[in-house]
Q: 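Before I ask anything, here is the structure I am working with.
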Amino acid sequence: MAILKGLSSRATPQKIVAYLTKEEKTEKKLISGKDCSPGSIVQEFRATKELYDKTGGVQYHHMIQSFKIGRAHVW
């Protein structure tokens, strides 16, 4: 069974990308995005925020999905 955790943040997209790509946090092969490309996520975040005039306050919601060791499911 997976455990899901959601966090809201006011940090910049650059900070979350730096955090998520730390080697001790995750393996690069596990990083993916829904409706965005990991290679251009900072620019896509910025464009979306400007499109909706949402350049302050909560900047994103970080969803963490964890599995018991040996029980990960590949979609």
Q: Does a sphere of radius 6.0 Å around CD1 in I3 hold more than 12 heavy atoms from other residues, nucleotides or ligands, not counting ones at 6.0 Å or beyond?
A: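 Atom CD1 in I3 is not crowded, with 12 or fewer foreign heavy atoms closer than 6.0 Å.
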Q: Kindly give the heavy-atom pair with the smallest separation between V58 and S8, and that separation in Å.
A: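 Closest approach of V58 to S8: CG1-CB, 4.0 Å.
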Q: Do the ring planes of Y60 and F45 sit parallel (below 30°), tilted (30 to 60°) or perpendicular (above 60°)?
A: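 Y60 and F45: tilted rings.
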Q: With side chains defined as the heavy atoms from C-beta onward, is the minimum distance between H61 and L7 less than 4.5 Å?
A: no
Q: Please confirm whether the backbone N or O of K15 pairs with a side-chain atom of T12, one donor and one acceptor, at under 3.5 Å?
A: yes
Q: Among R10, K49, K54, which residue satisfies the side-chain hydrogen bond (donor to acceptor under 3.5 Å, both in side chains) criterion with Q59?
A: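 Testing Q59 for a side-chain hydrogen bond (donor to acceptor under 3.5 Å, both in side chains) against R10, K49, K54 leaves exactly one candidate, K49.
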Q: Donor-acceptor check, side chain of Q65 to backbone of M63, threshold 3.5 angstrom: yes or no?
A: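 No; judged by distance alone, with no hydrogens or angles, the pair does not exist.
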Q: What distance separates I41 CD1 from I16 CD1, expressed to the nearest 0.5 Å?
A: 9.0 Å
